[in-house]
Colleague: 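Submitted below is the structure of interest, expressed as structure tokens.
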Amino acid sequence: MEGLGLIDGKFVGLDEHVVPIEDRGHLFGDGVYEAVVVWGGKPFLVVEHIERMFNSASLIRMELPYTLEELVKFHLQLIEESSFEEALIYSQFTRGVAPRKHPFPLGVKPRLSMTIRPWVRLDSNLKTNGAKAVLLPDERWLKCNIKSLNLLGNVLAKQTATENGCFEAILHRDGYITEGSSSNVFAVKDNVIYTAPTSNKILSGITRGVILKLAQENNLLAKEEVFTTDFLLAADEVFLTGTTTEIMPIVSVNDHTIGDGKVGAISKILHEVYMNKIAKECNL
Ligand SMILES: Cc1ncc(COP(=O)(O)O)c(C=O)c1O
């Protein structure tokens, strides 16, 4: 099976025509989303992701018509029905279906659509040897803390990175690093780990939070502080975090070599402890 869909709790094929033409997600990008990785048939950190979905929804003043427990159940149903062991579950809520007018429609229920697809992990060579990134101005809106369906700014940045043979676009506002187009950014200098503090300028990544906690548990000093593009380029190590990115070492930014051009010791430790956490929580 290639994958499976679930619309408001009802299984559908991935190629079925099920989105009404006037769905506000389709018309305006009016909605929020999440992505959860399944390891060994278990959804990793599913509760944390669903809690963030509730938070994103409340920030766009959308009341979700399901409980956290019901949403966890939908994840488990998709895993069971597909029998996938390693998969990615994508979920999105849109504000619902209504004639195209900007103000919120009255009496319209948000619509949930979900998909599960087999999970193809990133090329292990990238993890072993490190990846390349480009620095770009962050031209997105000022509500990046919402995991909104409006991703055009992120899409355009990632496309520029791709066209430059790079894994990610690292974004900055007025010379201060915010995040990647679909990841959070960390820099290591003199054994101290830095990442931008949570604000409206970044998505507070679930993986970012786990890494900060794991750093503390492993006696590594981590600071949530702003840092500049110059600081990033002069860092000993740079790495990205994300649900699908995991921990990705960056060894070159704008063709400038980071540190000695090899994956750094702290990136390696954090990658190892992160994979151990997944193995423990998902009984791998
Ligand atoms: C813009 C952006 N920042 C950060 C992240 C990382 O978040 P998480 O670790 O929750 O996947 C993502 C993930 O999709 C993202 O799109």
Side-chain angles (χ1 to χ4, degrees), residues 29 31-39 43-57 59-60 71 75 87-92 115 117 119 121-122 131 133-162 166-173 176-187 193-215 222 224 226 232 238-250 267 270-271 273-275 277-278 281:
V32 293
Y33 78 103
E34 277 298 331
V36 171
V37 174
V38 175
W39 296 91
F44 182 55
L45 302 179
V46 64
V47 169
E48 285 80 350
H49 281 278
I50 294 174
E51 281 173 351
R52 186 172 62 183
M53 180 107 99
F54 274 100
N55 184 49
S56 294
L59 290 168
I60 64 161
L71 293 173
H75 281 78
L88 186 69
I89 299 181
Y90 174 83
S91 314
Q92 70 171 39
T115 57
R117 279 184 173 275
W119 170 231
R121 289 191 69 191
L122 293 169
V134 277
L135 267 177
L136 292 178
D138 194 338
E139 293 171 334
R140 302 170 303 158
W141 70 338
L142 285 168
K143 293 189 181 188
C144 297
N145 50 325
I146 303 173
K147 204 160 166 66
S148 138
L149 295 181
N150 286 276
L151 288 175
L152 198 49
N154 308 58
V155 166
L156 292 175
K158 185 74 96 185
Q159 181 61 19
T160 303
T162 305
C166 290
F167 175 77
E168 181 60 301
I170 294 180
L171 308 175
H172 66 90
R173 272 189 205 273
Y176 289 94
I177 300 295
T178 52
E179 59 179 345
S181 71
S182 63
S183 59
N184 291 114
V185 178
F186 288 71
I193 305 165
Y194 297 85
T195 194
T198 50
S199 75
N200 61 327
K201 293 179 188 151
I202 69 161
L203 180 76
S204 178
I206 305 285
T207 323
R208 171 189 179 281
V210 170
I211 287 300
L212 286 171
K213 216 161 148 230
L214 288 173
E224 295 179 68
V226 292
L232 180 97
V238 172
F239 63 89
L240 310 173
T241 63
T243 297
T244 54
T245 308
E246 300 165 1
I247 318 296
M248 177 61 74
I250 296 294
S267 308
L270 288 172
H271 186 252
V273 292
Y274 181 68
M275 297 319 285
K277 182 177 168 72
I278 293 175
E281 296 212 0

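Atoms within each ligand, like the ligands themselves, are counted from 1 in listed order.
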Colleague: Could you check if a side-chain atom of V185 sits within less than 4.5 angstrom of a side-chain atom of E168, using non-hydrogen atoms only?
Modeller: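 Counting from C-beta outward, V185 and E168 never come under 4.5 Å.
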
Colleague: Check each atom of ligand 1 against the heavy atoms of T243 and keep those under 4.0 Å away; list them by number with element.
Modeller: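 Those atoms are 8 (P), 9 (O), 10 (O), 11 (O).
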
Colleague: Without hydrogens or angle criteria, can the side chains of S148 and K143 be said to hold a donor-acceptor pair below 3.5 Å?
Modeller: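 No pair is found: no donor N or O on one side chain lies under 3.5 Å from an acceptor on the other.
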
Colleague: For atom 16 (O) of ligand 1, find the nearest protein heavy atom and state the residue, atom name and distance (0.1 Å precision).
Modeller: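 Of every protein heavy atom, S182 CA, 3.4 Å lies nearest to atom 16 (O) of ligand 1.
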
Colleague: With heavy atoms of E179 as the reference, note each atom of ligand 1 found under 4.0 Å away.
Modeller: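 That gives atoms 1 (C), 2 (C), 3 (N), 4 (C) of ligand 1.
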
Colleague: Select one of side chain, backbone, both or neither to describe which atoms of N154 lie under 4.0 Å from any atom of ligand 1, heavy atoms only.
Modeller: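 Side chain only; the backbone of N154 stays clear of ligand 1.
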
Colleague: Check whether any N or O atom of G180, backbone or side chain, sits under 3.5 Å from an N or O atom of ligand 1, and answer yes or no.
Modeller: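 N/O-N/O distance below 3.5 Å does not exist for this pair.
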
Colleague: State, with a plain yes or no, whether a side-chain heavy atom of Y194 is found less than 4.5 Å away from one of I177.
Modeller: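 Sidechains of I177 and Y194: no contact.
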
Colleague: Inspect the contact between K147 and E34 and indicate whether a charged nitrogen and a carboxylate oxygen are less than 4.0 angstrom apart.
Modeller: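 Salt bridge absent between E34 and K147.
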
Colleague: Evaluating non-hydrogen atoms only, which member of G209, S183, G205, G242 is closest to atom 4 (C) of ligand 1?
Modeller: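 The nearest heavy atom belongs to S183.
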
Colleague: Between H49 and ligand 1, does any nitrogen or oxygen pair lie at a separation below 3.5 Å?
Modeller: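 In fact, backbone or side chain, H49 has no N or O that close.
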
Colleague: I need the nearest protein heavy-atom contact for atom 14 (O) of ligand 1: residue, atom name and distance, please.
Modeller: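 Ranked first by proximity to atom 14 (O) of ligand 1 is K147 NZ, 3.0 Å.
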
Colleague: Would you say Y176 has more than 12 foreign heavy atoms packed within less than 6.0 Å of its OH?
Modeller: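 Atom OH in Y176 is not crowded, with 12 or fewer foreign heavy atoms closer than 6.0 Å.
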
Colleague: Quick test: of every protein heavy atom, which one is nearest to atom 9 (O) of ligand 1, and how far off is it to 0.1 Å?
Modeller: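 Its nearest protein heavy-atom neighbour is T207 OG1, 2.6 Å.
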
Colleague: Just wondering, do F44 and T243 contact through their side chains at under 4.5 Å, heavy atoms?
Modeller: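 When only atoms from C-beta onward are counted, F44 and T243 do not touch, as no gap falls below 4.5 Å.
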
Colleague: Enumerate the atoms of ligand 1 whose separation from the nearest heavy atom of N184 is less than 4.0 angstrom.
Modeller: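 Heavy-atom distances to N184 below 4.0 Å select 4 (C), 6 (C).
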
Colleague: Contact between ligand 1 and S181 is defined here as a heavy atom of the residue under 4.0 Å from a ligand atom; is it met?
Modeller: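 Checking ligand 1 against S181, which is what was asked, there is a heavy-atom contact under 4.0 Å.
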
Colleague: Does a side-chain heavy-atom distance below 4.5 Å link V226 with P197?
Modeller: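 Contact flag for V226/P197 side chains = yes.
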
Colleague: Assess the residue pair E246 and R121 against the criterion (salt bridge (Lys or Arg N to Asp or Glu O under 4.0 Å)); give the C-alpha distance rounded to whole Å, side-chain angles, the decisive distance to 0.1 Å, and a yes or no.
Modeller: CA-CA 10 Å; E246 300 165 1; R121 289 191 69 191; 2.7 Å; yes

